[in-house]
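A quick note: this is a predicted structure, and the numbers were derived from the prediction, not measured. Every chain is numbered from 1 and lettered A, B, ... according to where its sequence line falls, protein lines coming before strand lines.
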Amino acid sequence: MTEQNPSPTTPAPTRGTRAVPDKVSLDGIETRWDAAWTEQNLYGFDRTKSRDEIYSIDTPPPTVSGSLHVGHVFSYTHTDVVARFQRMRGREVFYPMGWDDNGLPTERRVQNYYGVRCDPSLPYVDGFEPPHEGTDGKVIKAADQVPISRRNFVELCERLTVEDERQFEALWRHLGLSVDWSTTYQTISAESRAVAQQAFLRNLARGEAYQAEAPGLWDVTFQTAVAQAELEARDYPGAFHRVAFHGAGGPVHIETTRPELLAACVALIAHPDDERYQHLFGTTVTTPLYGVEVPVLSHPAAEPDKGAGIAMCCTFGDLTDVQWWRELQLPTRSVIGRDGRVLRDTPDWIASDQGRARYEEIAGKTTFSAREAVVAGLRETGDLEGEPQATQRKANFYEKGDKPLEIVTSRQWYITNGGRDAQLRDALLARGAELDFHPEFMQVRYENWVGGLNGDWLISRQRFFGVPFPVWYRLDEAGEPDHDHPLLPSEDLLPVDPASDVPAGYTADQRDVPGGFTADPDIMDTWATSSLTPQIVGGWRTDPDLFARVFPMDLRPQGQDIIRTWLFSTVVRSHLEHGELPWSDAAISGWILDPDRKKMSKSKGNVVTPMALLEEHGSDAVRYWAASARLGTDAAFEIGQMKIGRRLAIKILNASKFALSFGTAELDPALVTNPLDRAMLAGLADVVEKATAALEGYDHTRALELSETFFWTFCDDYLELVKDRAYAGGDGEVSAGTQSARAALGIALDTLLRLFAPVLPFATEEVWSWWREGSVHRAPWPDAAPLRAAAADADPGVVGAAGAALAALRKVKSEAKVSMRTEIASVRLAVPDALRAGVEIALDDVRAAGRVTGSLDLADHDGEGAVAHDAELVVPA
RNA sequence: GGGCCUGUAGCUCAGCUGGUCAGAGCGCCGCGCUUACACCGCGGAGGUCGCCGGUUCGAAACCGGCCGGGCCCACCA
């Protein structure tokens with residue numbers, strides 16, 4: 001593609017392929033230009049460019065199993081504005097688009113859509129066809145789901161998401177995202193899986209990934225471990241139960257909200273300085289119902305003013321229990337299983353027949369039923385004092401779950417993230433400080449999160465659909481796995497599925513037999529893959545040449561809610577693998593609030609579908625609304641703002657049509673000789689300078705506001721002032737004044753189109769096509785210098801002064817309730833000193849625009865603006 | 001309990017490092033079919049800048065406190 005370099009210093013050599021239309025319209029503009037841009041491959045990425053010529057964007061991949069909503073349109077527009085600006089600044093923009101089809105939402109959707117369930121132990125079935133296809137909103141019970149292999153499941157996922165991706169792409173195209181659509185990626189693709197596995201193997205080799213068997217937060221619904229970043233504290237109704245333990249010197253009362261854990265009690269714990277319990281430290285008490293003897297211990301984490309001041313420590317009721325268990329070397333007595341129910345087998349630490357009978361009462365029950373049974377038992381034995389006191393407590397939930405998390409002991413994979421290593425934490429905090437957040441205060445959220453980490457990053461999940469750990473274990477003669485010496489594939493074999501692939505040196509028939517091998521059963525959490533988007537899109541594994549050209553990337557755009565997850569985890573992976581930041585800048589978009597000032601969400605059902613919104617108001621209009629909101633600031637969903645955007649787009653079409661109607665627009669700055677014209681260009685030069693600085697600082701709102709304000713004054717005042725002069729005289733003679741006006745109009749229009757192009761790509765491209773070559777989106781960003789040269793040091797205030805004079809003349813007509821076309825026979829115009837010179841300079845244009853046919857005298861004025869006195873109007877009979 | 005953001009005309013928001021900052025658009029009222037635009041143009045009315053103190057010659061802007069809105073983290077006995 002050959003590019004023109006149309007700037008005011010290079011006269012426009014050729015006319016566009018299309019003429020200026022008689023009637024302008026925005027109808028169908030999106031479809032038309034999307035097709036043209038695709039045909040021209042306008043946004044195609046040129047990978048021959050070097051790193052310093054490239055601007056690379058680490059686009060957030062939307063979840064394909066959800067639906068896009070206006071919030072997506074909002075934030076993706078912000079990114080596109082940046083992309084378009086950088087492209088016009090001459091950078092080759094690397095702007096891929098991804099689809100997130102790895103994770104629970106997709107897993108659940110595939111299950112329901114096809115009536116299947118992933119079971120990695122099953123072999124791959126060639127040509128598998130699911131039992132049914134399509135969902136009518138019904139949830140298919142697990143028992144009715146056909147179990148299939150992981151590979152078959154992934155294939156169905158890809159089949160299902162193809163349609164979602166097609167629709168998502170159609171929306172993004174309609175919105176005008178300048179993505180190179182040949183560079184899309186999926187987070188469950190073979191390449192993504194390979195990248196995730198390779199990065200993991202590297203982490204493992206360097207000692208940054210490890211596995212450990214430890215108590216951790218567990219979701220009983222999904223039956224998987226969950227990470228700190230996925231927690232959500234929610235209010236949860238509970239009740240304090242005052243329960244008596246039996247000591248030598250009488251009962252010891254504790255208060256608990258979880259009496260069902262009584263069988264898991266390993267100690268009572270109070271603060272070492274607590275006067276009330278000094279005499280009990282070192283003694284033992286027995287638990288009610290079960291008669292288990294437990295010690296009374298002291299630990300500083302016990303808080304005297306909480307509950308009874310002495311706590312029942314169970315394995316495990318909460319994270320404090322875990323701390324006590326670890327620091328006081330307490331035994332492990334778990335009673336809650338991975339399904340959230342009380343373990344069926346009566347534990348051996350309950351020795352008495354009575355105690356064992358009591359346990360039978362709760363065995364196999366849910367925590368809820370078990371609690372009722374335990375409370376009933378305590379009432380019977382008289383060990384419940386008083387009635388339970390209802391309370392609201394906060395409980396940790398998995399963000400996608402609806403039951404409180406339990407703590408269970410399990411073997412899990414972790415990646416170091418500074419949560420247990422001060423040195424690494426400091427290094428990651430330093431990375432956060434090195435990253436340019438927009439807006440800046442978002443960095444605080446990063447710091448708060450990293451500073452508050454209480455453990456390493458748990459990356460394993462006990463699910464079936466996702467990226468499997470590329471790990472096998474040797475089985476000893478007893479069939480027990482050797483976790484300490486995992487069998488690993490070489491990087492060139494990735495991706496592997498250990499459930500169907502066989503480690504080197506083994507044969508398939510050795511799977512799961514003593515002396516053979518077994519696969520690691522877990523998959524990686526979805527963030528373990530999406531933390532590698534720069535590596536996935538940049539070709540880290542397979543295309544080092546490309547990777548060197550785009551990494552470290554320039555921009556990570558994303559929402560504020562996933563700073564602790566996506567942003568942080570990406571920084572962690574990049575820091576560990578590459579020893580540097582994955583990108584230099586992070587642009588954080590805010591929320592969309594509905595009119596109630598609440599975050600708009602899918603569940604509220606009041607969300608307009610994005611495509612309908614774009615079709616009703618036009619993409620430029622919706623983009624204008626999005627671009628009117630600053631980064632990091634929540635914005636109202638406001639139709640009114642879209643209407644203003646639409647009006648602006650139409651105004652651009654109309655004003656352009658008008659400005660181009662005076663004949664060939666010569667862009668020769670030498671022709672601009674009139675002082676008013678020069679003043680206008682001086683003002684435009686200021687706008688260009690400030691708007692450029694604003695966009696460089698990721699402040700698209702300011703840039704838009706500057707351009708927009710200038711443009712409306714340009715239309716309402718400047719255009720009105722010069723239109724008479726811009727018409728050729730009656731004899732067809734083109735005076736210097738006419739030439740000056742036409743050249744100034746052409747230069748201004750050319751500049752304004754480019755200023756608006758990032759926000760209003762369709763309307764600006766439309767106008768550009770009327771008279772310029774190529775695309776405005778590959779035209780260079782405007783430069784203030786040639787405008788300044790053309791303005792020849794003119795005072796931009798002249799436009800304002802002339803505008804004030806014109807307004808005064810309009811006011812006379814407005815108050816007289818006559819048409820603006822009405823002539824003024826004579827008038828005295830009072831202007832303050834500050835404006836006088838400007839008005840005088842543009843006096844001829846003011847007279848023409850105000851239709852002053854007779855005398856126009858200037859007088860002094862103390863106030864602001866200009867005021868017309870003693871006007872004689874020529875009102876037609 | 002800790003932290004971040006936020007409170008300016010009816011609405012949505014500008015007001016950057018204290019001195020034409022009391023603004024814009026929408027809405028509202030009135031007028032006008034003017035050879036770019038009626039998906040328009042012109043004119044007008046509207047606010048003691050959440051509240052109370054303080055710093056200053058001067059504060060919407062800086063400091064302290066309070067009140068209101070949003071969000072994050074901690075609190076699970």
Side-chain angles (χ1 to χ4, degrees), chain A residues 20 22-26 231 233 236 238 240-243 254-258 268-270 301-314 317-321 391-396 404-405 439 441-445 447-449 451-452 454 560-561 563-564 590-591 593 595 597-599 618 621 625 628-630 632-641 643-644 646-661 694 699 701-702 705 708-709 712 715-716 719-720 723 727 806-807 809-822 834 849 851 864:
Chain A
V20 180
D22 292 335
K23 184 82 183 165
V24 304
S25 168
L26 292 174
L231 302 186
Y236 190 70
F240 285 116
H241 300 74
R242 192 167 165 84
V243 176
I254 58 101
E255 286 187 19
T256 178
T257 56
R258 302 205 57 188
L268 295 191
I269 297 172
E303 295 180 39
D305 54 351
K306 258 189 195 174
I310 185 162
M312 165 175 90
C313 175
C314 305
D318 62 32
L319 293 173
T320 312
D321 287 342
T391 174
Q392 277 294 327
R393 62 192 196 107
K394 289 277 190 184
N396 276 322
L405 296 173
F441 67 76
M442 289 294 177
Q443 198 198 312
V444 177
R445 303 198 179 186
E447 283 171 3
N448 287 348
W449 177 253
N454 57 29
Q560 55 192 328
D561 51 330
I563 289 174
R564 67 180 187 171
W591 298 118
L593 307 174
R597 303 260 80 187
K598 297 285 179 202
K599 182 188 157 193
W625 159 72
S628 304
R630 289 173 299 169
T633 304
D634 295 343
F637 176 72
E638 220 203 337
I639 299 286
Q641 199 66 11
K643 291 187 172 163
I644 297 165
R646 184 176 179 85
R647 202 175 66 130
L648 175 62
I650 291 171
K651 191 76 173 181
I652 287 172
L653 298 182
N654 276 314
S656 300
K657 182 182 82 165
F658 184 52
L660 294 171
S661 69
D699 187 355
T701 308
R702 178 106 185 104
E705 191 194 353
E708 193 186 5
T709 303
W712 283 106
C715 289
D716 294 345
L719 220 38
E720 292 296 328
K723 70 172 156 189
Y727 282 114
L806 180 57
L809 298 177
R810 284 169 176 157
K811 189 169 180 177
V812 167
K813 299 177 191 181
S814 192
E815 286 176 349
K817 301 185 195 290
V818 296
S819 160
M820 287 299 140
R821 195 179 41 181
T822 309
R851 299 268 186 277
E864 289 181 23

Seminar exercise, completed: Rounding to 0.5 Å, atoms SG (A:C715) and NZ (A:K651) come to a distance of 5.0 Å
Exercise. When rounded to the nearest 0.5 angstrom, what is the spacing between NZ in A:K657 and CG in A:D22?
Worked result: 7.0 Å
For this session: Only counting residues at least two apart or in another chain, list the ones meeting ring pair (Phe, Tyr, Trp, His ring centres under 6.0 Å) with A:Y236.
Result: A:F397
Seminar exercise, completed: A:F240 meets the ring pair (Phe, Tyr, Trp, His ring centres under 6.0 Å) criterion, sequence neighbours left out, with none
Problem set entry | Partner set under salt bridge (Lys or Arg N to Asp or Glu O under 4.0 Å) for A:E720, not counting sequence neighbours | A:K723
Problem set entry | Residue list, salt bridge (Lys or Arg N to Asp or Glu O under 4.0 Å) with A:K811, at least two apart or on another chain | none
Select base, sugar-phosphate, or nothing to describe what [X] touches, counting heavy atoms under 4.0 Å on all strands.
X      : result
A:C715 : base
A:Q641 : nothing
A:T320 : sugar-phosphate
A:A270 : nothing
A:E303 : base

Of the nucleotides [options], which has the atom closest to the [X] side chain?
X      : options             : value
A:A233 : B:C75, B:A38, B:U34 : B:C75
A:L319 : B:A36, B:C11, B:C76 : B:C76
A:E705 : B:A14, B:A36, B:C76 : B:A14
A:E638 : B:C75, B:C11, B:A38 : B:C11

Taking only residues two or more places apart in sequence or in another chain, which ones pass side-chain hydrogen bond (donor to acceptor under 3.5 Å, both in side chains) with [X]?
X      : answer
A:E815 : none
A:T701 : none
A:Q560 : A:R445, A:D634
A:E705 : none

What nitrogen or oxygen pairs link the protein and nucleotides 39-44 of chain B at under 3.5 Å?
unit_1, atom_1, unit_2, atom_2, d
B:G41, OP1, A:K651, NZ, 3.1
B:G41, OP2, A:R647, NH1, 3.4
B:C42, OP1, A:D716, OD1, 3.4
B:C42, OP1, A:D716, OD2, 3.4
B:G43, O4', A:S814, OG, 3.4
B:G44, OP1, A:K811, NZ, 3.2

Problem set entry | Residue pair A:V243, A:E255: steps toward the side chain to side chain contact (heavy atoms under 4.5 Å, CB included) verdict | CA-CA 6 Å; A:V243 176; A:E255 286 187 19; over 6 Å; no
Euclidean distance for [atom1], [N] against [M] (whole angstrom):
N     : M     : atom1 : value
B:G1  : B:C75 : C1'   : 8 Å
B:C39 : B:C26 : C1'   : 15 Å
B:G2  : B:G10 : P     : 35 Å
B:A22 : B:G47 : C1'   : 8 Å
B:G15 : B:G3  : P     : 26 Å
B:G19 : B:C29 : C1'   : 35 Å
B:G7  : B:A60 : P     : 15 Å
B:C28 : B:C67 : P     : 39 Å

Problem set entry | Atom of A:D716, atom of A:R810 and distance for their closest heavy-atom approach | O-NH2, 2.8 Å
Please give, in whole Å, the distance from [N] [atom2] to [X] [atom1]?
X      : N     : atom1 : atom2 : value
A:E255 : B:C76 : CD    : P     : 14 Å
A:H241 : B:C76 : NE2   : P     : 18 Å
A:I644 : B:C37 : CD1   : P     : 23 Å
A:K23  : B:C37 : NZ    : P     : 7 Å
A:Y236 : B:C75 : OH    : C1'   : 18 Å
A:L231 : B:C76 : CG    : C1'   : 12 Å
A:K306 : B:A77 : NZ    : P     : 7 Å
A:E708 : B:G23 : CD    : C1'   : 14 Å

Tell me whether the side-chain N/O atoms of [X] come closer than 4.0 Å to OP1 or OP2 in [N].
X      : N     : value
A:K817 : B:G32 : no
A:T257 : B:C76 : no
A:Y727 : B:A36 : yes

Seminar exercise, completed: The residue, A:P304 or A:R702, whose nearest nucleotide of RNA chain B is more 5′ is A:R702
Exercise. So which one's nearest nucleotide on RNA chain B is more toward 5', A:S661 or A:F240?
Worked result: A:S661
Polar atoms only, N or O, under 3.5 Å: list the protein pairs with nucleotides 3-7 of chain B and their distances.
unit_1, atom_1, unit_2, atom_2, d
B:G3, O2', A:N448, ND2, 3.4

For this session: Identify whether the glycosidic angle of B:G46 places it syn (within 90° of 0) or anti.
Result: syn
Problem set entry | RNA chain B base-pair string [pairs: Watson-Crick or G-U under 3.5 Å; |: paired with another strand] | (((((((..((((.....[...)))).(((((.......))))).....(((((..]....))))))))))))....
Exercise. Could you go step by step and tell me if A:E708 and A:I644 meet the side chain to side chain contact (heavy atoms under 4.5 Å, CB included) rule?
Worked result: CA-CA 11 Å; A:E708 193 186 5; A:I644 297 165; 4.3 Å; yes
For this session: Report the residues that fulfil side-chain contact (heavy atoms from CB on, under 4.5 Å) with A:S661, sequence neighbours left out, ordered by chain and then residue number.
Result: A:F658
